[in-house]
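Below is one structure, written out as structure tokens; comments come after it.
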Amino acid sequence: MKKILFTILLASSFISAQYTDINIVKEVKVKNKGVVVSAHPLASEAGAKVLKSGGNAYDAIIATQYALAVVYPQAGNIGGGGFLVGVKNNGEKFTIDYRETAPKKASRDMYLDKKGNANTDLSQNGRLSVGIPGSVAGFFATSKYSKLPMEKLIQPAIDLAEKGFAITDQEANLLNASKEYFQKHNKTSNAFVKNEAWKSGDILIQKELAETLRLIQKFGLKGFYQGKTAELLIAEMRKDNGIITLDDLKNYKVAERKVLEFEYKGNTVVSMPLPSSGGILLAQMLKMSGYENLEKYQHNSTKAVQIMVEAERRAFADRAEYMGDPDFIHDKTLYLISDEYLKNRWKNFSFTQATPSSDVGKIIKQPKESTETTHISVIDKDGNAAAVTTTLNGLYGSKVVVSGAGFFLNNEMDDFSVKPGVPNMFGAVGGEANSIQPNKRMLSSMTPTIVLKNGKPFMIVGTPGGTTIPTSVYQSIVNAIDFKLNPNISVNSPKFHHQWLPETVAFEKNFPENTISNLEKIGYKAERWGQLGRTEMILIDDSGNIHAVADGRGDDSVAVE
Ligand code: GLY
């Protein structure tokens with residue numbers, strides 16, 4: 001091994017050596033070429049190679065996701081779910097919802113003990129926390145828009161799993177830190193646990209996963225949702241308290257939903273509708289801060305941050321009250337993003353003091369949401385664009401590896417309100433819209449987004465981070481559009497996060513201290529967090545130059561066709 005290269009501003013395409021060199025490319029400026037930005041250099045490269053061999057953005061996003069399931073097992077997945085937002089070069093906009101669903105045997109109070117207390121260990125770890133995986137069905141639904149055969153798109157992932165690849169320092173640390181959980185939830189051996197500690201440059205080989213991917217390659221959807229893989233998944237459920245059945249797997253369906261779109265300062269923002277809260281929150285926050293002409297203020301100045309925190313507060317209060325799977329609730333999206341509603345919502349904003357969270361929503365107890373997820377942004381040379389955010393929910397999901405099939409299962413059930421309708425310490429109730437019901441999708445925060453200028457992709461953006469996803473995407477967009485920052489600074493400058501409850505504002509390390517202390521003087525409570533999100537942004541300027549930025553907070557990397 002194993003050199004790790006950090007390359008800034010490459011002007012042309014970049015091809016790494018195979019699997020033992022990790023070449024991290026943080027920023028690229030190109031023209032008339034396709035680019036892929038993802039959390040891992042080998043996954044970005046898998047997508048870029050597909051572009052080079054004649055594939056379009058949708059081929060590339062499929063190949064990149066399969067590759068992430070191998071090289072980025074903490075969040076890349078075939079055992080989880082995700083959302084795709086696409087804009088084709090003919091202007092067609094579409095989404096694919098491959099969010100996990102609750103098993104048929106799931107029920108509203110399944111995580112409550114005899115005293116009615118939520119047992120979040122069960123909703124967050126082990127077999128009962130698993131939702132029916134949607135990712136593989138999502139890849140096949142995406143192939144409606146792609147050009148190359150699925151067998152070809154899956155091959156890079158098979159090679160990576162079969163031959164192995166050198167892990168980075170970050171991955172070694174995460175695998176080591178998770179060892180005791182892997183051992184607790186898996187009694188049989190798997191690729192992720194070995195006697196000695198993992199270190200940077202070790203080769204991770206996943207033979208069982210390679211075999212599973214081959215079954216998908218050979219039998220298509222049935223290679224995952226039926227036959228050997230499905231049986232191994234069900235056998236895994238039976239080892240403990242899992243409730244997913246063969247019928248659940250066979251009956252899983254993706255949903256193609258109408259994009260959520262709205263105008264922002266001469267641009268059209270195209271994002272994910274329910275069951276992700278992301279698009280609605282983004283629309284609400286951009287519109288409310290727009291009422292104060294945000295662009296008048298300096299980036300990360302006291303006034304700008306105050307406006308944005310207050311927009312975040314109001315949007316997140318609505319998330320808790322109104323949002324859930326639109327196939328199960330009355331969908332109020334159009335009202336929630338209307339100026340009529342939002343102008344009224346903004347009326348009690350004041351520069352002189354923080355708005356108490358109790359003034360903007362019924363106080364309910366909010367579960368803490370996990371931050372592990374991953375995002376991919378792609379554009380091809382013909383101008384087709386795709387944004388995908390995909391997740392296992394927690395770090396390595398439920399920590400359960402399907403024995404004999406080699407992939408992690410999600411713990412997405414925890415994204416439901418595991419205890420809705422029960423009065424909390426303040427006597428208020430909430431979260432019913434996101435209560436557990438069989439076959440229902442759990443509410444998400446994932447915000448894959450494409451911003452159009454004159455109908456053409458101007459920005460493709462998204463990030464992991466649980467509830468911090470919509471606020472990080474929001475800030476990345478206003479950084480570029482309102483504060484006119486370049487894409488690198490838009491992604492890498494320190495961010496902040498507020499979500500109504502708790503009442504605190506989280507500031508990323510390196511955030512300007514004078515802004516924080518000014519906000520504290522008018523009633524804001526500050527917390528310092530290590531990092532917020534890992535944003536992957538592609539921005540296309542008026543001259544057609546493509547600027548692609550992989551977040552500096554991780555091993556994220558850009559690849560060019
Ligand atoms: N599991 C993270 C999300 O869907 O928002």
Side-chain angles (χ1 to χ4, degrees), residues 39 65 68-69 72-85 95-102 111 120 123-125 129-135 138 254-255 257 260 271-282 285 312 315-316 318-320 322-326 366-376 387-400 408-418 431 433-434 436 440-449 461-474 497 499-500 506 532-536:
Q65 286 176 92
L68 280 171
Y72 195 68
Q74 75 237 40
N77 68 81
I78 55 171
F83 299 119
L84 179 149
V85 172
T95 76
I96 302 174
D97 166 356
Y98 40 106
R99 183 71 163 163
E100 300 92 327
T101 53
Y111 298 112
T120 49
S123 63
Q124 289 170 9
N125 300 297
S129 68
V130 183
I132 301 161
S135 289
V254 303
R257 301 187 189 276
L260 186 146
S271 192
M272 193 65 209
L274 291 175
S276 183
S277 60
I280 302 179
L281 295 180
L282 187 60
M285 295 184 293
E312 293 174 2
F316 272 87
D318 284 356
R319 181 188 195 275
Y322 301 113
M323 298 181 209
D325 182 342
Q366 295 223 114
K368 186 167 168 9
E369 293 192 10
S370 154
T371 56
E372 293 307 323
T373 292
T374 189
H375 178 82
I376 311 153
V388 159
T389 313
T390 176
T391 187
L392 288 167
N393 196 23
L395 187 70
Y396 304 104
S398 61
K399 320 283 191 287
V400 176
F408 281 103
L409 289 167
N410 68 82
N411 61 344
E412 216 73 56
M413 290 297 286
D414 195 59
D415 267 353
F416 281 115
S417 307
V418 297
N434 189 31
I436 305 171
K440 187 175 176 183
R441 286 162 151 83
M442 53 297 282
L443 184 63
S444 172
S445 297
M446 294 189 283
T447 318
T449 299
V461 65
T463 180
T467 47
T468 73
I469 293 173
T471 54
S472 289
V473 171
Y474 167 48
H497 171 70
Q499 58 173 51
W500 175 55
L532 279 166
R534 284 168 62 172
T535 303
E536 321 295 10

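Note that the structure is predicted; figures quoted are calculated from it, not measured. Starting from 1, each residue takes its place in the sequence as its number. Whatever order the structure lists ligands and atoms in, that order sets their numbers, starting from 1.
No N or O atom of Thr373 sits closer than 3.5 Å to an N or O atom of ligand 1.
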Requested in this report: Could you check Arg99 against Asp325 for salt bridge (Lys or Arg N to Asp or Glu O under 4.0 Å), going step by step and ending with a plain yes or no?
Outcome: CA-CA 10 Å; Arg99 183 71 163 163; Asp325 182 342; over 6 Å; no
Query raised in the report: Can you check side-chain hydrogen bond (donor to acceptor under 3.5 Å, both in side chains) on Thr389 and His375, steps first, answer last?
Result: CA-CA 4 Å; Thr389 313; His375 178 82; 2.8 Å; yes
Requested in this report: Go through Phe316 and Thr471 one step at a time and tell me if the side-chain contact (heavy atoms from CB on, under 4.5 Å) criterion holds.
Outcome: CA-CA 10 Å; Phe316 272 87; Thr471 54; 3.6 Å; yes
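A donor and an acceptor atom, one from each side chain of Asn77 and Ser135, are located under 3.5 Å apart.
Between the choices Ser276, Gly278, Ser444, the shortest heavy-atom distance to atom 4 (O) of ligand 1 belongs to Ser444.
If you number the atoms of ligand 1 from 1 as listed, the ones under 4.0 Å from a heavy atom of Asn393 come out as 1 (N), 2 (C). Which parts of ligand 1 touch Met446 is read off a 4.0 Å heavy-atom cut-off, strictly below it: atoms 3 (C), 4 (O), 5 (O).
At a heavy-atom cutoff of 4.0 Å, ligand 1 is contacted by no atom of Arg441, backbone or side chain. Of the heavy atoms in Asp415, only side-chain atoms (C-beta onward) come closer than 4.0 Å to ligand 1. Residue-level proximity to ligand 1 for Glu412 is carried by the side chain, the only part with a heavy atom below 4.0 angstrom.
Scanning all heavy atoms of the two residues, the minimum distance from Met323 to Leu281 falls at CE-CD2, 4.1 Å.
Side-chain N or O atoms of Asn393 include one that pairs as donor or acceptor with a backbone N or O of Asn411 at under 3.5 Å.
Ligand 1 is approached by Arg99 to a heavy-atom distance shorter than 4.0 Å.
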